[in-house]
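Quick note: residue numbers are just sequence positions, from 1. The figures that follow rest on heavy atoms only: side chains count, while hydrogens, waters and symmetry mates do not.
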Amino acid sequence: QVQLVESGGGLVQPGGSLRLSCVASGSSFTIYNMGWYRQAPGKPRELVAHISTNGNTDYADSVKGRSTISMDNAKNTVYLQMNSLKPEDTAVYYCNAQLARGSFAALYEYWGQGTQVTVSS
């Protein structure tokens, strides 16, 4: 059993910044990738950024240049630093992890319950 818990969301003004955090906890597991997705009302869920344990990263075009994803392997935590926030960034942000459990070779995907980010003046 693995649980992902997001934090750091809230109400911010346009042009402001925030940092989202996601902590993975539970029994023995090995993380391969972690990432952030978001879903705005009436729109499909989309990838924001993801990172592998070897440091490879990928970003959505809409956030490139103003967002940074990072991972603390020792703490099983992934962060998303977002700057110059825009109203269109408003969405529920979900943490995702791809991991192996115990000695099993299969790769599993887990999702957090989401944290609300609202960008408004």
State, to 0.1 Å, how close V63 and M82 come at their nearest heavy-atom pair, and which atoms those are. CG1-CE, 4.2 Å

Before giving the answer on side chain to side chain contact (heavy atoms under 4.5 Å, CB included), spell out for T57 and H50 the whole-Å C-alpha distance, their side-chain angles and the decisive distance to 0.1 Å. CA-CA 6 Å; T57 60; H50 75 84; over 6 Å; no

Hydrophobic clusters here meaning ILVMFWY residues chained together by side-chain heavy-atom distances under 4.5 Å, can you tell me if V2 and Y108 are in one? yes

Is Q116 atom CD crowded by more than 12 heavy atoms from other residues, nucleotides or ligands, each under 6.0 Å away? yes

Heavy-atom count around E109 CD within 6.0 Å, excluding the residue itself: above 12? yes

For residues C22 and W36, report the shortest heavy-atom separation together with the two atoms involved. CB-CZ2, 3.7 Å

S62 to R38 - nearest heavy-atom pair and separation: OG-NH2, 3.2 Å

With rounding to the nearest 0.5 angstrom, report the OG to NZ distance, S21 to K75. 10.0 Å

Qualifying residue for side-chain contact (heavy atoms from CB on, under 4.5 Å) with V78, from L4, N33, L20, I69: I69

Within this structure, what is the OG-CG distance for the pair S67 and L80, rounded to the nearest 0.5 Å? 5.5 Å

Correct closest heavy-atom pair for C95 and E6 would be N-OE2, 2.8 Å

Check for me whether R45 meets the cation-pi criterion with Y37, that is, NZ or CZ under 6.0 Å from the six-membered ring centre and within 45 degrees of the ring axis. no

Nearest heavy-atom neighbours spanning V92 and G114: CG1-CA, 3.9 Å

What distance separates F104 CZ from T30 OG1, expressed to the nearest 0.5 Å? 13.0 Å

Start with the C-alpha gap between D72 and T77, add the side-chain angles, then the distance that decides, and say whether side chain to side chain donor-acceptor pair (under 3.5 Å) holds. CA-CA 5 Å; D72 187 332; T77 301; over 6 Å; no

May I ask you to decide if R66's main-chain N or O and S84's side chain share a donor-acceptor pair within less than 3.5 Å? no

Looking only at heavy atoms, which two atoms of L107 and A100 are closest? And how far apart? CD1-N, 4.0 Å

Carboxylate-amine/guanidinium contact K86 D89, below 4.0 Å: no

Just checking, is any N or O donor in the side chain of Q81 or N83 under 3.5 Å from an acceptor N or O on the other one? yes

Separation between OG of S121 and CG of L11, rounded to the nearest 0.5 Å: 9.5 Å

Are side-chain N/O atoms of Y110 and R101 paired as donor and acceptor at under 3.5 Å? yes

Hey, could you give me the CD/OG distance between Q3 and S27, rounded to the nearest 0.5 Å? 11.5 Å

Check: T90 side chain, P87 main-chain N or O, donor-acceptor pair, under 3.5 Å: yes

CD1 on I51 to OH on Y59, rounded to 0.5 Å: 7.0 Å

